[in-house]
Protein chains: 4
Amino acid sequence: MRFFSDNAATAHPAILDALVEANRLDTAYDGDAWSRRLDKAFSDLFETEVVALWVSTGTAANCLALAALCPPHGGVICHREAHINVDECGAPEFFTHGAKLLPADGEGAKLTPTVVEALAGGIRDDVHQVQPRALSITNATEYGLVYSPTEVAALGEVARARGYGFHMDGARFANAVAHLGCSPAELTWRAGVDALSFGFVKNGGMSAEALIFFKPELARDTLYRRKRAGHLFSKGRFLAAQLLAMLDGGLWLDNACAANRGAALLAKAAGDRLVHPVQANEVFLRVTAEEAASLRALGFDFYDWGPGEARLVISWDQDEAAIRPLAEAIAKL
Amino acid sequence: MRFFSDNAATAHPAILDALVEANRLDTAYDGDAWSRRLDKAFSDLFETEVVALWVSTGTAANCLALAALCPPHGGVICHREAHINVDECGAPEFFTHGAKLLPADGEGAKLTPTVVEALAGGIRDDVHQVQPRALSITNATEYGLVYSPTEVAALGEVARARGYGFHMDGARFANAVAHLGCSPAELTWRAGVDALSFGFVKNGGMSAEALIFFKPELARDTLYRRKRAGHLFSKGRFLAAQLLAMLDGGLWLDNACAANRGAALLAKAAGDRLVHPVQANEVFLRVTAEEAASLRALGFDFYDWGPGEARLVISWDQDEAAIRPLAEAIAKL
Amino acid sequence: MRFFSDNAATAHPAILDALVEANRLDTAYDGDAWSRRLDKAFSDLFETEVVALWVSTGTAANCLALAALCPPHGGVICHREAHINVDECGAPEFFTHGAKLLPADGEGAKLTPTVVEALAGGIRDDVHQVQPRALSITNATEYGLVYSPTEVAALGEVARARGYGFHMDGARFANAVAHLGCSPAELTWRAGVDALSFGFVKNGGMSAEALIFFKPELARDTLYRRKRAGHLFSKGRFLAAQLLAMLDGGLWLDNACAANRGAALLAKAAGDRLVHPVQANEVFLRVTAEEAASLRALGFDFYDWGPGEARLVISWDQDEAAIRPLAEAIAKL
Amino acid sequence: MRFFSDNAATAHPAILDALVEANRLDTAYDGDAWSRRLDKAFSDLFETEVVALWVSTGTAANCLALAALCPPHGGVICHREAHINVDECGAPEFFTHGAKLLPADGEGAKLTPTVVEALAGGIRDDVHQVQPRALSITNATEYGLVYSPTEVAALGEVARARGYGFHMDGARFANAVAHLGCSPAELTWRAGVDALSFGFVKNGGMSAEALIFFKPELARDTLYRRKRAGHLFSKGRFLAAQLLAMLDGGLWLDNACAANRGAALLAKAAGDRLVHPVQANEVFLRVTAEEAASLRALGFDFYDWGPGEARLVISWDQDEAAIRPLAEAIAKL
């Protein structure tokens with residue numbers, strides 16, 4: 001049983017059905033019927049007018065957003081362990097033409113206004129130093145913690161006051177919403193977010209993420225940047241159809257709830273072995289090498305996460321029956 | 001009936017079957033069983049050891065290839081009407097960090113050694129001028145003409161002698177091979193090609209192209225560039241599976257033959273209205289505005305291509321029954 | 001006697017005096033007394049409020065201007081033989097992060113509204129094609145022709161109507177003004193120019209050019225770009241002092257007049273050997289290889305400029321006595 | 001009396017003499033007699049064959065070096081407080097097309113093999129993380145500490161073993177050599193350094209630094225990059241002449257010795273107020289705000305350097321008579 005990554009999971013059957021449904025001749029690129037429905041569908045979900053673009057990877061979504069928010073000579077404040085800083089092979093630098101990531105610290109990969117203000121305040125306002133122009137947070141974070149609407153809004157206020165663009169990497173945005181029970185609007189534009197990478201691939205999708213601009217004017221040049229980065233698919237309807245299938249009937253939220261429930265089950269079993277509170281679908285455990293080995297001997301696969309820690313990620317398609325044996329094994333350690 | 005673009009066509013049912021088949025948990029990115037089969041499958045097809053990478057668009061394939069062949073301060077010789085020069089929104093400049101496309105002319109978007117030598121010879125060998133470092137051709141060309149192995153080899157010899165990398169944009173490579181009846185090897189590495197963008201999406205695929213390196217050492221840094229450009233899919237197996245389905249039983253060639261046959265049918269009907277000989281799946285017709293309107297009135301859709309010309313593209317899924325009415329209508333003009 | 005290039009000439013003694021004068025401790029970078037006088041000095045010259053930045057090369061001036069006027073995904077319309085297109089080794093692409101130069105044709109390296117409109121009109125307004133965002137002309141041109149204020153204004157009107165930024169490469173702006181007898185204002189901002197590379201090095205300077213922004217808001221980010229490109233000198237006062245010395249008493253115009261006069265002397269001698277009318281300090285002659293050799297045998301050095309042509313450039317420090325022997329030799333050919 | 005920065009100091013009279021001497025017509029760019037002497041002059045100094053290029057700023061020297069050593073998708077390990085990381089406005093990212101600086105810590109801005117190995121060892125060897133490709137150190141450091149040949153060699157060994165290019169930012173290289181009494185060779189290529197930014201501007205120069213490649217093959221593409229960055233001066237002889245004047249009779253070393261002596265004088269007066277040992281020409285003092293104010297009231301200017309610290313930089317032209325009053329004032333605090 002594999003708990004490596006929600007990236008490795010299957011796609012939901014509704015996604016495959018949507019692909020079959022979309023397999024009709026239509027206009028190429030993003031002129032087709034499916035793509036043209038996206039703005040409306042996401043505007044409904046977010047209760048405001050948004051521009052929604054399909055992109056095929058979270059890295060592309062993040063970096064197109066950053067390129068819209070930060071000039072090449074600017075800087076992006078983010079957490080030191082943010083995916084954009086450590087796991088995208090310099091993609092933000094590529095898409096922004098060399099903007100500098102300005103890493104800050106914080107428990108569980110969460111930023112706070114204090115930390116952001118301290119970092120920003122330490123930068124001389126002259127041409128010798130890269131000036132911050134954007135702020136990026138991940139929700140849920142890389143450690144499975146969730147920013148509340150209030151926490152996001154506090155950071156949004158810093159961004160607004162300092163004139164920074166504000167990006168949310170929502171590779172696991174669905175899990176955050178599922179945890180909070182809030183509306184997508186509360187967690188984003190109402191809290192000052194300008195652009196959201198709304199992840200679906202980790203949540204039962206196949207190859208489509210949504211890049212949401214809450215300020216539609218930010219989207220205009222992004223259309224050129226998407227093409228220029230080789231991310232404008234000629235049969236774009238197959239991406240749009242995936243997103244629409246995910247929104248249909250709230251599948252995105254159901255999947256996230258399922259994954260979160262699985263993680264909660266493990267969290268309960270883990271007790272004080274937890275490195276971080278479990279709020280989304282990731283569980284970080286304190287385990288010795290021997291304990292990790294014993295779990296693996298039982299057939300459970302996962303990543304070591306630094307010395308003495310293990311990361312377990314629950315996917316939308318791992319139900320209670322699949323997870324209970326692991327929960328029991330952890331409890332017995 | 002639409003003859004706008006092979007981009008707009010459906011995906012072959014085998015592609016959808018392959019997606020269903022690949023919808024099992026496996027390693028993320030390109031560590032899965034499907035992705036790991038690509039090098040072998042394409043090496044078999046090309047009768048030499050190649051590195052084969054999935055990418056999701058032809059633009060990405062072209063530009064990753066160019067980035068492997070040309071430094072930021074170098075130039076890429078290509079036809080003035082090459083897709084990389086006029087239809088990729090500066091993607092080559094983006095991926096190569098500003099390399100300069102050096103356009104040359106030639107009938108039907110074909111380059112010849114004479115033209116390449118003349119362009120290269122007119123560039124002073126000093127640091128004030130961008131020095132060519134790569135040559136890129138499209139086969140079949142943007143006007144549906146096909147370079148023969150001999151023609152490619154003549155250009156390959158220029159590239160070799162001058163130390164240029166040699167790229168082939170094969171968005172319609174299958175149609176070229178179908179027309180020539182040659183082996184893929186003859187048309188590529190045996191003729192000096194270093195990297196091939198092997199297109200499948202226009203040929204019945206959904207969202208996977210292959211980037212083929214005939215010099216495996218060129219692929220190493222490309223793996224980083226692919227990730228950095230946001231083109232490393234987390235569920236890459238869905239791309240690999242499409243490519244394998246296309247190779248399986250020669251589907252790629254069958255589809256191309258079908259499209260070429262359809263174009264030949266139109267060509268025969270068009271007679272001396274043809275702007276270019278029809279060798280692949282594109283037909284360029286001389287038509288007056290009135291004639292174009294009369295065809296459209298009959299339900300046939302296509303692009304105008306400059307004044308007095310129309311472009312018709314045949315797709316793999318348009319069989320003789322679908323095409324014959326158009327052929328008859330053209331014959332009657 | 002060398003007529004290769006005004007780049008090779010000496011610096012005017014006033015420049016060296018200015019360096020000696022500036023050799024006092026002052027604030028580093030551009031906070032010194034000399035640098036802080038530039039905006040005022042150039043605003044006076046141009047009769048409007050400008051921001052004037054010292055830069056050390058014409059290439060840097062041109063490319064910082066283009067970066068201020070054109071985004072990475074945009075295009076710059078220029079003449080095919082513009083210095084930025086053929087003699088800066090891709091510097092525009094470097095500074096703009098890959099914007100595409102869109103070359104147009106025209107006699108003597110001059111653009112006309114007709115040519116610009118035709119080029120712009122041929123570009124589809126979609127994300128597949130690079131959209132022009134700036135227009136750049138050289139005055140005097142690479143062939144020594146001069147745009148009049150009226151001609152510049154006609155192009156400025158095209159730029160304004162289409163929303164393009166408008167840049168003038170004025171490597172030989174002084175020679176153009178000297179020829180026209182107009183005010184610097186008439187030839188620039190009053191004719192719609194947004195940014196001017198105002199050249200001094202070819203005109204008796206040593207290592208300082210001025211980058212003039214007629215829309216001060218364009219300068220703000222340029223300050224960061226200048227630093228980021230390694231062009232913010234720590235002892236910037238030595239550059240500012242050169243520019244101030246050039247403006248002092250109209251030295252820039254005197255030098256240009258001197259060079260133009262020398263060229264006029266040669267032009268008169270050359271008669272119908274002239275390839276282009278001589279309006280600035282460059283003379284293009286039709287000469288056979290034998291004739292060129294005979295001139296060289298007399299001790300005159302110059303560049304061949306394509307088959308059957310020679311380029312002679314007169315510098316500020318070549319007075320009539322220096323030029324007359326060449327004029328006579330040409331007349332005798 | 002100003003102790004802000006050696007950047008603010010005067011140029012040595014020999015520099016101005018050299019400019020006068022070079023004010024003769026010669027070949028443009030770097031084809032002149034002065035520029036052509038550089039390789040030989042620096043090869044003699046370094047006792048090995050080097051390629052020596054003039055550049056006009058330290059930032060340009062550093063970043064051209066990094067661009068030669070690190071691909072766009074690679075990383076450069078440097079100290080967190082390295083000039084390239086905090087004071088060049090993202091120039092390294094600009095010149096390298098987005099390579100990522102990977103900052104490490106260490107006393108007085110010095111790196112050690114342990115720290116470099118720890119950083120490098122923490123990076124997963126996969127395409128998701130930026131892989132280090134170069135190592136850059138500053139000697140003397142930003143805090144005026146000096147790496148010995150042995151210390152450099154230890155880092156050079158790490159670079160060699162890991163396949164990194166090795167760059168030394170020698171903005172104050174002369175001060176380091178003056179402190180150590182070693183040969184330039186020992187401190188550079190014999191210790192594994194591939195490229196050196198050899199600073200002269202802070203050391204009595206005006207506008208010329210030297211970029212030294214100890215592996216000549218690294219220089220080839222740099223010639224294109226220098227032009228492309230607008231750093232190829234048309235009257236390059238005025239830069240070359242400055243460098244030659246600096247080498248002539250060891251002026252570079254004399255100037256550095258003078259500045260170091262001044263700093264030593266202050267260091268002795270400062271006693272245990274010193275934040276760092278004084279090894280070059282920078283003195284970091286612990287002073288209260290009141291103490292700093294009292295020094296300023298006496299006419300001494302300098303930068304505050306974080307709370308409770310002051311930075312004093314001694315220039316080549318500040319002799320003992322100029323410095324003694326400050327030394328006495330510090331002693332009396």
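All of these numbers come straight from a predicted model, not from anything done at the bench.
The distance from the CG atom of D26(C) to the OG1 atom of T10(D) is 12.0 Å, given to the nearest 0.5 Å. For the atom pair CE (M206(C)) and CG (L19(D)), the distance works out to 4.5 Å, reported to the nearest 0.5 Å. Rounded to the nearest 0.5 Å, atoms CZ (F238(D)) and OG (S207(C)) are 8.5 Å apart.
Side-chain polar atoms of S234(D) and K202(C) form no donor-acceptor pair below 3.5 angstrom. No hydrogens or angles considered: a donor-acceptor pair under 3.5 Å links the side chains of T59(C) and K227(D).
Looking at D17(D), there are no atoms closer than 4.5 Å to chain C (heavy atoms on both sides), in backbone or side chain. Using a 4.5 Å cut-off between heavy atoms, S5(D) does not touch chain C at all. At a 4.5 Å heavy-atom cutoff, R225(C) makes no contact with chain D through either its backbone or its side chain. Looking at L16(C), the atoms closer than 4.5 Å to chain D (heavy atoms on both sides) all sit in the side chain, from C-beta outward. In this structure, the portion of D87(C) lying under 4.5 Å from any heavy atom of chain D is its backbone and not its side chain. Residue F4(C) does not touch chain D at all, counting heavy-atom pairs closer than 4.5 Å. If you measure heavy-atom distances from I15(D) to chain C, you find no contacts under 4.5 Å at all. The part of D6(D) that comes within reach of chain C is its backbone (N, CA, C, O), which places non-hydrogen atoms under 4.5 angstrom from that chain.
Smallest separation of non-hydrogen atoms from T27(D) and R2(C): OG1-NH2, 3.3 Å. Closest of all the heavy-atom pairs between N23(C) and A11(D) is OD1-N, 2.6 Å. Closest heavy-atom contact between S56(D) and S56(C): OG-OG, 4.5 Å.
The side-chain heavy atoms of R228(C) and F95(D), taken from C-beta on, include no pair separated by under 4.5 Å. Inter-residue side-chain proximity for T57(D) and L232(C) is flagged as unmet; no heavy-atom pair is nearer than 4.5 Å. A heavy-atom distance below 4.5 Å is found between the side chains of Y29(D) and N7(C).
Other residues, nucleotides and ligands contribute over 12 non-hydrogen atoms within 6.0 Å of the CZ atom of R296(D).
A donor-acceptor contact shorter than 3.5 Å is absent between the side chain of K235(C) and the backbone of A8(D).
Chain C forms the most heavy-atom pairs under 4.5 Å with one residue out of Y224(D), F233(D), F94(D), and that residue is F94(D). The most heavy-atom pairs under 4.5 Å with chain D, out of A91(C), A60(C), C63(C), S315(C), come from A91(C). The residue among C89(D), G205(D), A61(D) with the most heavy atom pairs within less than 4.5 Å of chain C is C89(D).
A distance below 6.0 Å separates the ring centres of H231(D) and H231(C).
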